[in-house]
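Throughout, a chain's letter reflects where its sequence line sits, starting with A, and its residues are numbered from 1.
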Amino acid sequence: MSIANIKTEILSAMEAACKTVFGQRPQNLNLNYPPKVEFGDFAVGCFPLAKQFRQNPANIAQSIAAEIQPNESIQNVTAVGPYVNFKLHSSLLFGDVCTEIRKKKAFDNNNLGNGRRVMVEYLSPNTNKPLHLGHIRNGVLGMGVSNLLEAAGHTVIKANLVNDRGVHICKSMLAWSKWANGDTPESTDTKGDHFVGEWYVRYNQEAKKSPQLQEEVQAMLRKWESGDPATIKLWEMMNQWVYSGYEETYRRLGFAFDVFYYESNTYTLGKDLVQIGLHKGVFNEAASGAVIAPLPTDEFGAEKDGSQKVVTLLRNDGTSVYITQDLGTAKLKFDDHQPDRSIYVVATEQNYHFQCLFKLLNMLDFEWADGCYHLSYGMVNLPEGKMKSREGTVVDADDLIEEMRQLAEDEIRRRDTENTLSHEEIQKRALAIGLAAIKFYLLRTRPELDINFDPKESISFDGFTGPYCQYAYARCASILRKSKNRGLASIEPDYSLLGNTEELELLRVLIQFPDVVAEAAGEFTLARICNHVFAIAQAVNQFYHRHPVLAAEPATLVAARLALVSASAVVIRNSLALLGIEALEEM
RNA sequence: GCGCCCGUAGCUCAGUUGGAUAGAGCAACUGACUUCUAAUCAGUAGGUCGCGGGUUCGAAUCCUGCCGGGCGUGCCA
């Protein structure tokens, strides 16, 4: 029997008991998990029934529990306070869970999304500087949400909207053409994005001394917009340097995209939508000549003087602004890929922008506007305050990865006392562990919270971390490897021999996995996955510590514990995969 | 001023569609490696859930008023 069937059976038993006792079907029953293994495997709270039948929930629980008879699945039913707790025959539950997980390589979760299409836009960097820690937070969130939705049966289209034009880009271009003397990433042996970033910093240094540089930058932007061949050529060359650098960083971090949009192609979009809005009468022309959209007071409040809030869509010279372009891009995305949902992974400082954007799409009567969602995440702060790329107070993505990789490598070498590991193996593990530490650290808290990142204290490998979860997996893998040489494959597991506290705890967290994935996918909360995979890893480590697997007696118990270990390994590996973290066979 | 977000142990955070004794990790202290990997495990200690009211059989969770912090707040992106 599958876990889903077991749950259905419990709810049916509840229903039948309600009919017998109260003569009515129960409403709104939810299957939950008791807080402690001693209470049982599943629980149903009787609070909705208390309302429905106007009785004390504890009394209801009592009479229902007395009504449900044990059978081949249910071992016993007890009322504890307002809860009806179900204890199942452990041989059945362990057997079903282990078999189901191993057969399907995890639980079956892919019916939730029903094939709905979701576009996830994330990262969207500016091509004038390298990626920093804030981008990593964005990227792991974007990849994580994509993985999660895919695992839940959605078709996901991952998009990167590259901000490849504008004054900021011209700044590095101007600095390079003035002072670089033809240096290139190759000639200086510098990663392309870092190379360009250095010229961006140089510009900002020089601009402090020579304010007239600002005018030169504006002039360069005008030349770019008029299509001046030399300017375009310079722009293409420097962007190419940045892209080659980015690609390396993406590869290391496991960021992938199905589609790239470039702002140089999209920045003129949206003007036609402004015309539609004017025609509909939802936008209008201000006295200054700019085109504006009034925002409904009930949702946006009013200005200080009590007047209605507005957003500008076209400047009084007729040129478009950021939100105009985003209107156009939103429609372009829909026309290109027909997503049912369009998720924007963008920092929290743009909350108001997206609130406006989605409202404007709604005012334009796009029926897909309701599917737009801003997945907003907080800033990453340093001990000295906000990260500012102009002032160089950023944690560079490549530097951080290298630093964490190095710390992991030190740790690996410290425990490899016999020098048995190859250089390649050490490098592979060190990178995987370092990345696990970073990604888990960034995903384990709710996205809307700001993160204070202290480079000195760095990110830990102990406790509630990615490496801890990897370690639990490696222990499982190690046991499974060793079991292969011992001719255990033919032995039939006796699941009735399982049932100690640690085994029950492990079973408990494994059973909950599909529900956790479903909830996490519904709310886009990777932190739930972090919490849960950590709970499983904890249960594995506790079990590992107290109960031998390979040395257990009799062999049928060995087989049963092996099945449990194998199932745990599958769920940990799958959970880590959702987080973009590699499960290592050895650590 | 207004809008959104946040405030839980010394620190970082879970828990928020109201429900079982508010949970982890780090740091501190004590203990466990001849044993399937000690990146581990067991234990001790640590809480007016920012403050005050309210709703409820029941509030960290909902409502309300304060206090503190963050991010925004029409022709930047």
Which part of the nucleic acid, if any, lies within reach of [X] when heavy atoms closer than 4.0 Å are counted: base, sugar-phosphate only, or nothing?
| X | answer |
| --- | --- |
| D410(A) | nothing |
| L313(A) | nothing |
| P82(A) | nothing |
| I451(A) | nothing |
| A551(A) | nothing |
| R415(A) | base |
| A50(A) | nothing |
| E586(A) | base |
| Y468(A) | sugar-phosphate |
| A293(A) | nothing |

Check every atom of [options] against the side chain of [X] and return the nucleotide holding the closest atom.
| X | options | result |
| --- | --- | --- |
| Q350(A) | rA77(B), rC36(B), rC75(B) | rA77(B) |
| V549(A) | rC36(B), rA39(B), rG74(B) | rC36(B) |
| N541(A) | rA24(B), rC41(B), rA38(B) | rC41(B) |

Is the distance from the ring center of H374(A) to that of F358(A) below 6.0 Å?
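Ring centres of F358(A) and H374(A) not closer than 6.0 Å.
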Would you say the rings of Y267(A) and W224(A) are close, in the sense that their centroids are separated by under 6.0 Å?
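Distance test on ring centres: under 6.0 Å, yes.
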At under 4.0 Å between heavy atoms, which parts of nucleotides 2-8 of chain B does protein reach? Answer with one letter per nucleotide, 5' to 3': B base, S sugar-phosphate only, - none.
----S--
With the stacking rule set at 5.5 Å and 30°, tell me whether F39(A) counts as stacking on rA20(B).
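Check passed, F39(A) stacks on base of rA20(B).
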Could you work out the separation of rG25(B) and rU64(B) based on their C1' atoms and round it to a whole Å?
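That atom pair is separated by 36 Å.
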Does a salt bridge link R508(A) with E505(A), judged by any charged N lying under 4.0 Å from a carboxylate O?
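Yes.
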Do the side-chain N or O atoms of S478(A) get closer than 4.0 angstrom to the phosphate oxygens (OP1, OP2) of rU37(B)?
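Affirmative; the distance criterion is met.
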Now, which nucleotide makes the Watson-Crick or G-U wobble pair with rG47(B), with each of the two distances under 3.5 Å?
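Looking at the geometry, rG47(B) pairs with no nucleotide.
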Would you sort out whether Q538(A) and F464(A) count as a side chain to side chain contact (heavy atoms under 4.5 Å, CB included), showing the intermediate values?
CA-CA 9 Å; Q538(A) 265 185 320; F464(A) 186 28; over 6 Å; no
Near-strand residues of residues 314-324 of chain A, defined as heavy-atom separation under 4.0 angstrom from RNA chain B:
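Contacting residues: R315(A), N316(A), V321(A), Y322(A).
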